[in-house]
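It should be emphasised that the depicted structure is a prediction, and the values quoted were computed from it without experimental measurement. Below, chains carry the letters A, B, ... as their sequence lines are ordered, and counting in each starts from 1.
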Amino acid sequence: MDTMPWLTLVIAAPLVGLPVLALWRSISDDAARWVGLGSTLVAFVVSIGMLVTFETGQAGLQMVSKHPWVESIGLSWFVGVDGFSIWLVMVTTFMFPIAVVASWKVDHQVRRFMAVSLFLETVILGAFLALDLLLFFLFFEALLFPMYYVIGVWGSKRRVYAATKFLLYTMFGSAFLLVGILYLSVQAADQLGRPTFDLTLLEQVRLSTEQGRWLFLAFFIGFAVKVPVWPLHTWLPDAHTEAPTKGSIVLAAILLKTGPYGMLRFNLDLFPDASRYFADAIMVLAVVGIIYGAVVAMMQSDIKRLIAYSSVSHMGLIVLGIFAFSAEAIDGAVLQMVNHGLSTGMLFLVFGMLYERTHTREIAELGGIVHATPWLAGAYVIAMLSSIGLPGLNNFVGEFLVLLGTFSVDRVLASIAIVGVILSAIYMLWSYQRAFQGPVSARWSSLPDISWREGALVAPIVVAMLWIGLQPAPVLERLRPTAEQVSQRLIDDAPATDIAADGPAEEAP
Amino acid sequence: MIDVIWLAVALPLVASGANMLAGKRFGGRGAGHRSGWVATAAMTASFVVALGALLQLLSLPAEERTQVVTVAEWIRAGAVSVSFDLRVDPLSITMALVVTGVGSLIHLYAIGYMEHDARPWRFFGYTNLFCAFMLALVLADDFLLLYLGWEGVGLCSYLLIGFWSDRPEAASAAKKAFITTRIGDVALMLGLFVMFMHFGSFEFDTVLGHEGALPEIATGTATAISLLLLGGAVGKSAQLPLHVWLPDAMAGPTPVSALIHAATMVTAGVYLVVRSHALFEVSEVALTVVAIVGISGALYGGLASIGQYDMKRALAYSTMSQLGFMFLAAGLGFYPIAIALLVAHAFYKALLFLASGNVMHGLDDEIDVRRLGGLRLDMPWTAALFAAGALSLSGLPPFSGFFTKDAILEVASHDGVVWAYVLGSLAALVSAWYIARLFFQAFMGERRYQGHAHEAPALMRIPLVVLAAGGLFAGIVLAFTPEGRLATFLEPTLGHIEEGHAGPSTATLIAISVAVTLAGIGIAWRLYRPANEARWTSFPEREPGMSAVLGRAFYVDALYGFVVGTIGLRAGEALSRFDRTVVDGAVNGIGRLTTWASGLAPVWQSGRARRYALSFLAGGAALLLFMVVRI
Amino acid sequence: MISSPRVELWAILPVLVLFAGALVALLGAAFSRRSDQAPFALFTLSVITAAAAASLWLWDREPVNVLQGMASVDRLTVIGTLVLCGIGAYGTYLGFHYFERDDLRRNEFYALLLFALGGMALLVAAADLIVVFLAVEVLSLSLYVLTALTFRRGPIEAAMKYFLLGAFASAFLLYGVALSYGATGTTSVQGLARALTGTVGSQSLALAGALLLVVGLGFKVALVPFHMWTPDVYQGAPSPVTAFMSAATKVAVFIAMIRVFAVGFSALRWDLRPVIAVLAAVSMIVGSVLAISQTDVKRMLAYSSVAQAGFVLTAFVSPERDGIAAALFYLIAYSLAVVGAFGVVMLISGGIGEQTHMDRFRGLGRRRPALSLLLTVFLVSLAGIPPTAGFAAKVLVLGAATTAGLWPLTLIGYLTSVAGAFFYLRIVALMAMQEAEADDVADGSPLPQIVLAVPAFAVVALGIVPGVIVPLLQEAGVLTW
Amino acid sequence: MRTPIAYFLVLSAILFAIGSVAVLVRPNALRIFMGVELQLNAVNLTLVAFSRMHLELDGQILAFFSMVVAAAEVVVGLAIIVAVFRRTATTDVDRASVLRG
Amino acid sequence: MPLDNVVFWVFAPLSIATGIGMIVVRSAVHAALFLVVNFFTIAVMYLLLDAPFLFAVQIIVYAGAIMVLFLFVIMLLGVDQGAGTGERLFGQRTTAVIFGVAVVVELATAIRAGVGFATRAPEGFDSVNAEGNPSALAEVLFRDYFFPFEVTSILLIVAAVAAMVLALRRSKAITQREIAGHAGDDLERYALAPPGGPGTVGGQAP
C-alpha cells in the first residue's frame, strides 16, 4: 500500500489557490486567472500521480483511506478509487484547466469566478472518490451551489431562470437520494449495531425484496435527474444554454457524470436484485432518451440547446450500457462517460470560442463561418465527428461497446438505440451545414480565426480523443477488471428465482 | 514488402496530416503548389509498397498467399478483442492496387484541376486521408477495422463532397451522402453485432473460415448477418434503395467523383460482399437478394442515366448501374468476375469522370449536355479519351467492358440463370445507350456553348491516357494473361468457380452481346444525333412523359424528400413542441402551481388578527380531535 | 409552621445574573440623561458574558433538579443557556447599532432584552410546567414591548397582534398545564413522567393536556397553523429584535419542549408522534410554499422560519438521544444563520426606515461584496446546501426522522427544502446576478460586518466539522429523570 | 360535596370556549382581550376543581399564579392597546392590517 | 338536593349566560359588566370547591381591579370604539362558534374519559385546609412554589416596565429625527405592493 494519501491530495489539490483568491482582495484579474489555472494544473499533476500509483488489473478499490469524521453519526472520510472512478477523476482534472483557460475572457468578478471554479472542482472530485454514502451526498449536493452561482452570475440572458431550474430540479432528485441513504443507514444501524454510511459495510446489509426495490428507486431518481434520464431532462437544455462556456464544459463534461457514476457505484452495488428487476424498464427509458433527445436536438435553433439535447441522447446510451450489465456494455458505458466529457466538452469549448466572436447562438444567424475561420470550424468538425461516433475517435469505442454489450442482452432495444447513431449524424451535420457552411455573409467574413491560446486548449482534447479512439487499451485495461466484476455479480450471481420476478412492489418499506 | 504493408496506409495518412496541418506553408503557387505533389508522391509510394507486396505474394505458393500483419492492439473489453491487423491476400492486394494506382493518377490529375483553388492543401489532405481509410478498409483483417475504414471513407466523402461548402447544394449533398450511407452503416454494425454474438470475434479467419472451409453457422443466422452486411454495402455502393446520395454527391470536385464515387469507395460494398462470400454462400436467400439488388440497380441506374442532362449525374447513375452488375456477379457467385469488373470499372469510370472534369475545367464548370456539343472540335484529346472510356464501358470487344460485364452475362447463361441473363442483357443495352448518348450529345454536333473551350493542360491529360490504356485493355489482360489471370490469382481467397454449360454456346452469346451493345449505340444515335438536336435541347426545365420520369430517376428522391423533409420534420417539430409544452411544461407547471399556491397567502394571511386566531383555534380543535379519536 | 425550602440558587446562577443585570440596566435607563448608549450595550454584553460564564461553570455538574423540582440543571440547560447568551449578545450589539445609528434613545431596550433573555434561560432550565408557563410569560411580555420599541405604525401593529394572539395562546398553554395537572396531580416534568408510566388512568386527560401544550408552545415557535402572527411580527418588529426573537425564542421554547415531551410525556410518545409528524410536515410545507411569493425579505425569512421550525419539530419524532442532539444542532445552525441573516438585512435596509423590499438587494453583490457574501453564506445555510451547518443540520434531523421509521417525513422535509432553496437563493440571485437599480441605503460600516463574520465563519465551520459539537449535543440529549 | 367534579370541568370547558369565541367574533381589541381573560378564568376553575379532586392545594396555587399572570398581561395589554389607539385612533384590530400577505 | 348542587345549578347557567351575554351585547361597557358578573359566578364556584381564599382574590383582583381597569380604558378610549358588530370577516362568526362547540365537545370527551361524569371529589379536603385555606396555601406556596413565586415578581416588574415604556414614550421621548422621518413612513413602508397602491419601495417585485 502506498503511503501517500493520493486521493485526499487529489481532492484537496484544487484548493491550493483558494486562500490566495479569498484573502488577496485586490488581486489583479490576470493574477487571479493564473492562480486559478495553476491550481487546476496542480490538481492535474497530482491526479497523474494517482494514475501512476493505480495498479492495473485489479478490480477492487485502491488507495483506500478511511478516517472517522463525525463518528457519532457514522460519517467518515472514506475515499478510494477503482476502475470506474479513476478515469472520471482524470477527465475532471484534465478538463478543468481547459475550462479555466476557456474562460480567460470572463472580465467581471474574475477573482470570485476562479474561486468558485476551484471549489467546484474539489467538490466534483470528492463526489467521484467518496465511498461513504453521506460523504458522497455531501459532495453531490455541494456542487449545486457553485454551479448555480456560475450559471447565474456569468451566464447569458435567462441565466437566473436556468440556474434556479438546475438547482431546484437536482435538489428534487437529491431528496429521494437522501431518503434512500438515510433509510439504508438506519437498516445498517439495526443490523450492524452502529450507524454507518460506509459503502463496503452497507453492501452487507440484508434487505427484503421490497426494501431493495424502493431504495433502488430512491437512489435511481436521485441520479436520474443528474444524468438526466428521460423524462427528467428539461433542466439540462436551459442550464447548458445559459451557462457561460466554462459552465457548459464543466456541466457537460463532468457534472453529468456524477449521475451514471452514482448508478454504477451505488445502485448496482447496493441493490443487485433490484437492479436486475428494474433493468428492463430503465433500458427502455434510456432508449427513449436516446431517440427522443436526438429528434428534439434536430429541431433546435440554438446550437447550445442542440448540444444539450445531444447530451440527453448520449447520456441515455450510457445508462443503457450500465443497465445492460454485460461486461462490454459496462466497459463501454464508463468509457463513454469519459468520451462524452471530451467530445461534448470540446463542442461547448469550440462553440464558446465562436460565441465570443459572434455573440449569437442562433443557427439561423450564423452561416458560412467555415470560410472565415477554417481552423475553428475544423476543431468543431472534429468534436462533432467524435460526437457522432466516427471510428478512430473516442466516442466510437464506447458507443460500439455499449451497443454490442446491449445487443447481447436485448436485441430489440439495441437495434432501436442504434438508430440514434443515424440521428446524431443528422442533427449534427444539419446544424453544421446551416451554421458553418453555405455562402459566407459579410457579417462574419472578417472574424478572426483561432488564436494560439485557443489552439492550445483544443489540441490536448483532440490528442486525447485520438488516443482513446485508436489506443483505448490503457483506459480499458484499468477499468475492465472492475467492470467484469460488477457484470459478473449482476449476471452470473443472479439467483435463478429472481429472474421470474413478481409484479411491482405495492407497499412501502 | 508485405511486412511493411502498413506503410501503404501510413504514407497517405502522414501526408494527409502534414497537408492539413501545415500544407499552407509548403509553398508554390497554382498547380505548382507543393501540397498536391506531396500527396501524389505519398500515393505513388503507397502504390509501390502495394506493388512490392503483390510481387512478394506472387513469389509465394498459392496456398501461402494469405499473410496477416499485426500492427497494434485496438480494443479489448469484455469478450471483445480487436487488433490493427492487416491482411495481405490476393483479394486485398488487388483492391489495394486499384486504390493506390488509380488514386495516384487521380491525385496527379487533381494537381492541375485544383490549381485555382484557394486551399489545395486541404483538398489533398482530405483525399490522402480518404486513401488511407480506403486502404485500411481493404487491407483490414477484421470486420471492426474494416468498419473503421468504412466510416472513415464515408467521412472523407462527406468532407470532399462538401469541399466547396459555400455552395449550398454541395453542403447539402455532403450531408445527404453521409447520412444516407450511415443508414447502411448501422445495418452493417448490427451485422457485426450478430456476428459477434455467434462467433465471439470479428476476425476474418474466425468468421469466414480458413481455406475455403465454410463457417459453421445456422442458415438463419448466416442470412441475418449477410443481409445486414448487404445493408451496409447497399448504402456505401449506392444501390437501391439507398442510392439517392450518389447523384447529388457530384457537387464535389470532379477528381473526388472519380476517385471516391466511381473508382474506390463505392466499390467497397462489392468488396464487402465478395470478402464475406463464405457467409453469403451459407444462405441461398442472401445470395439471391444480392443478385436481385444488383440487377435492379443495374437497370435502374442505367435508365436513370438516360434521363440526365448533367454529365456527372449521368455518370453517377452509370456508376450505380455498373455497381449493380458487380453485385449481380457476386450474387450469382462469380466473385472473380465481380472483382474484374470492379478493377476495369475503376479505370474507365475514373477516366470518364476526369474527362468530364476536363470539360468543366475548360468551360467554367459547364456540365449540362444541352449547352455543350461539338466539344471534339475544341478538346480533341478529351473527346478521344472520353470515347475510349465510353467504348470500354459499352462492352464492345475487345475492350474491358466486354471481358468483364459481358462475362457476367455469359457465365449467367452458362449457369442457367435465365432471368439474370435476360435482364442483364437489357441492362447492357441501356448501358450502351446512355454512354453513347452522352458522347453524342457532348462531343458531337456543333458547339452550343459560348466562347472557346480550352483543352486541358498536359498534367491533366497524362493520367487520363494511362487510365484509358487501363480501361481499354485491363479486361483482356486480366482475362487472358497466363500468370495474371485474375480468377486464378484470386482463387486462394475466393475459391475456384466452376463454370456451367447450360444455354447457348459462348460464340452465340458473344454475338448476342455485341448485337445488344450495338443496338444500344444505335438507339442512342437515332435519338441524339446532332440532327435531332432540337428535340432535346429545347425542352423546358420540366420534360414531359418518360424523359421526366427518367430524369427524376423514378421520383425516388422526391419521395424520400417528402418523407424526410415533410413528414420527418413535422414529427420532429411535434416532438419538440411536446418537449417544450408537456415535459418541460409539467416541470414549469409544478413551479407555477407552487407559486400560485404561495400567492394565496394574502387570502388567509390578511393581516386580520382575528383570522389568525381563528386558524389557531381550528388547529387546537383539530389536535384535540386527534385525542378524541385516539381514546 | 412553614418548613424552609431548599434554595439552590447557584444552580440558576445564569438566570439570576441576567435578571439582576436587567434590573440594573433598568435603573440605569431610568436615571440616565445621557443619549450615549455605548455604556448600556457594554454593560449588557458583560452581563451576558457573565451569565455564559456562569453556565459554563455548571457544565461539569451532575444533572440535578433544584428548587423543589422547579428547575433542572444539566447539559441541556447549559447548552441552551450558552446558545441563548450568544444570540442575546448579537441581539444587543445589533440593537445598539440600530438605535445608535439613528440616534434613537432606547435605553429600555437593554433591560427588556435582558429580561427576555432571563426568561428564556429560565425556560431552558424549567422542569415544572408552571415555571414553563411563567417563563414563557416573562419572555413574551418583554418581547411584546421590544417589538413595539420604535413606536412606528408597523411595530405597534405587530406588537398588538403579537400580544393578542400571544395572550390567546397563553390561555391554551395554561389549559394544557391544568389538564396535565388534572391527569397526574402534579406539574413537575418528572412527576408527570412517573405518573404517566405508572398508571393508565387518565391518559386521555394527559393527552389532551399534552396537545394543548403543543398548541401553546407551538405558537411561540411558529408551527402551522399557530404561526400566523410570525410574518407580521417579524416584518413589523425592528430588525435587531426580529433577529433576537426569531432565534432565541425558538431555541428556548424548543428546549423546553424537549424537556416536557421527551421526559414528561415520554410515556405518550407513540400517541404524540403522529401529531408531531403532521405538524412538522405541515409547517415545512406551508412555511416553504408561502415564503416563495414574498417580496419583503424580512417577511420571507419569517415564513421560512416557520418551515425551519417544522424541521426542528421533525427531530422530535425520535425523542431519544440522537433526536434531541439533532434538534439542538438544528437550532444552533438555524440561530447562527438567522441572526446573521436578519443582521445583514438590518444593515442593508438602511436604518430605522427598514427598506426591506427585495429590490433593495438587487445588484448588491457588486457594491457591497462583503455584506452580500455574508448574507449568501447565511442564506445558503438556511437553504441547507453544503458545506454549511444547515446541510449537516438537515441531514441530522432527517436522519432522526428516518430512524423513527418516518421516511415520508424525510422526503417531505427535503422536498420543502427544495422550495427553500428557491426563495433563499432568490436573494442571492438578486444580489449577485442582477444589476442594481435602487439607490443604495446600506450601512457599510466595518464593525458590524466583522461582528457578523463570526457566525458566518461558524456556519461554514460547523458545516465542515459538525463533529466538534455533535458529541456534546448527544451528551446533552441524555436526559436523566 | 355532592356535585360531580366533572361538572365543574365541563363548565370550565364551556367558559373557555365562550372566551375563545369572544376573541374571534369582535373586532374591538378590548373585547378580544376580555375574551382572553374569560379563558384564563375558565382555566383557573379547572385548576381549582382538579385541586379539589386531588385533595391537594397545588391546583389552587397554580390558579393563583395564573391570576398574577393575568394581571401582568392586562397591564401590558392595555398599555399596548392604548399605544395603538394613540397611533391609529382605533381599537379595531381589523383596521390594523398594514402587515399582511 | 344538597345545597352545593343547588348553588352549582343556579350559578353555572348564570355563568354561561353572562359569558354569552358578553359576546352578544353591542356595547363594550355592557360586555365588561357581563364579564364582572361572570367572574363573580366563578368565584362562587371556588367557594363550592373549598377554595375560599381564591374566592376572595377572584372578587378583589378580577372583579375589583382588572375589570375596573378595563372599564377605565374603555372610557378613556371612547365608549363607542369598535362597537360596530357588523361581520366584516366572511364566515368568521359561524366558524368561530363551530370550533368553539367542537372544543367543548372534545374537552368534555376527555374529561369523561379521564375523570368520569359521575365521579365525585373525595372527601377530606378539610384536612388539607386544616389551619385554614390561606395559611395552608401559604405553606405550599412558600415551600414548594417558592421559586415560581419569585419568578412572578420578575413578571410583574417586566409588566410594570412594559407599561411604563409604552405609556411614557409618546409624551416626550420622540427625537427630532423621528419626527422628521415620520412623513413618509408607515403605510407605504409596510404595505406590500397592493396593486396601484402608493409607491412601494423600489417598485414591483421581479
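Note on Ile14(D), Leu78(D), Val23(D): by heavy-atom pairs under 4.5 Å with chain E, the leading option is Leu78(D). Among Val21(D), Ile61(D), Leu9(D), Leu38(D), the residue making the largest number of heavy-atom pairs under 4.5 Å with chain E is Ile61(D). Interface check for chain E: of the options Val76(D), Ile81(D), Leu62(D), the most heavy-atom pairs under 4.5 Å are formed by Val76(D). Counting heavy-atom pairs closer than 4.5 Å to chain E, the top-ranked of the candidates Val93(D), Asp58(D), Val75(D), Val69(D) is Asp58(D). Top candidate by heavy-atom pairs under 4.5 Å with chain D, chosen from Val103(E), Leu76(E), Leu107(E), Leu141(E), is Leu141(E). Of all the listed residues (Leu69(E), Leu54(E), Val140(E)), the one sharing the greatest number of non-hydrogen pairs under 4.5 Å with chain D is Leu54(E). Among Ile80(D), Asn41(D), Val48(D), the residue with the largest count of heavy-atom pairs under 4.5 Å with chain E is Asn41(D). The most heavy-atom pairs under 4.5 Å with chain E, out of Ala22(D), Ala29(D), Gly77(D), Ala42(D), come from Ala22(D).
Counting only heavy atoms from C-beta outward, the side chains of Leu166(E) and Val82(D) never approach each other to under 4.5 Å. With contacts defined as side-chain heavy-atom distances shorter than 4.5 Å, the pair Phe65(D)/Tyr145(E) qualifies. Between Pro4(D) and Thr119(E) the shortest side-chain heavy-atom distance does not fall below 4.5 Å. The shortest distance between side-chain heavy atoms of Phe50(D) and Val115(E) falls below 4.5 Å. Looking at Ile5(D) and Arg120(E), their side chains never come closer than 4.5 Å, going by heavy atoms from C-beta outward. For the pair Ser15(E)/Leu15(D), a side-chain contact is recorded, criterion being any heavy-atom separation below 4.5 Å from C-beta on. In this structure the side chain of Phe117(E) reaches within 4.5 angstrom of the side chain of Val10(D), judged on heavy atoms.
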Step by step, would you call Ile18(D) with Asn38(E) a side chain to side chain contact (heavy atoms under 4.5 Å, CB included)? CA-CA 11 Å; Ile18(D) 290 175; Asn38(E) 183 283; over 6 Å; no
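With a 4.5 angstrom heavy-atom cutoff, Leu137(E) touches chain D via backbone and side-chain atoms both. The parts of Ala32(E) that come within reach of chain D are both its backbone and its side chain, each placing non-hydrogen atoms under 4.5 angstrom from that chain. For Phe53(E), the part lying under 4.5 angstrom from a heavy atom of chain D is the side chain only. Of the two parts of Ala12(E), the backbone and the side chain both hold a non-hydrogen atom closer than 4.5 Å to a non-hydrogen atom of chain D. Of the two parts of Ser12(D), neither the backbone nor the side chain holds a non-hydrogen atom closer than 4.5 Å to a non-hydrogen atom of chain E. Proximity to chain E is limited to the side chain of Asp94(D), based on heavy atoms less than 4.5 angstrom apart. Proximity to chain D is limited to the side chain of Tyr62(E), based on heavy atoms less than 4.5 angstrom apart. For a residue to count as touching a neighbouring chain, one of its non-hydrogen atoms must lie under 4.5 Å from one of that chain's; by this rule Leu35(E) touches chain D with the side chain only.
Met45(E) approaches Leu45(D) most closely through the heavy-atom pair CB-CD1, 3.6 Å. Ile66(E) and Ala71(D) get closest at one heavy-atom pair: CD1-CA, 4.1 Å. Contact record, Arg31(D) with Met22(E): NH2-O, 2.7 Å, taken as the closest heavy-atom pair. Nearest heavy atoms, Ala136(E) versus Leu57(D): CB-CD1, 3.3 Å. Residues Arg26(D) and Val25(E) approach most closely at NH2-O, 3.2 Å, considering heavy atoms. Between Gly100(E) and Ala17(D), the shortest heavy-atom distance links the atoms O-CB, 3.4 Å.
Rounded to the nearest 0.5 Å, atoms CG (Asp144(E)) and CD (Glu56(D)) are 10.0 Å apart. From Gln60(D), atom CD reaches atom CG of Asn133(E) across 5.0 Å, with rounding to the nearest 0.5 Å. How far CG of Leu24(D) is from CD of Gln92(E): 5.5 Å, rounded to the nearest 0.5 Å. The distance from the CG atom of Asn5(E) to the OG1 atom of Thr3(D) is 4.0 Å, given to the nearest 0.5 Å. Atom OG1 of Thr41(E) is separated from atom CG of Leu11(D) by 7.5 Å, given to the nearest 0.5 angstrom. The distance from atom CD1 of Ile74(E) to atom CG of Leu30(D), rounded to the nearest 0.5 Å, is 5.5 Å.
The distance between the ring centers of Phe8(E) and Phe8(D) falls below 6.0 angstrom. Annotation: Phe70(E) is in aromatic contact with Phe33(D) [ring centroid separation under 6.0 Å].
In this structure, Tyr7(D) and Trp9(E) have perpendicular ring planes: the angle between them is above 60°, well past the 30° mark.
For the residue pair Asn44(D) and Gln58(E), no side-chain donor N or O sits within less than 3.5 Å of a side-chain acceptor on the partner.
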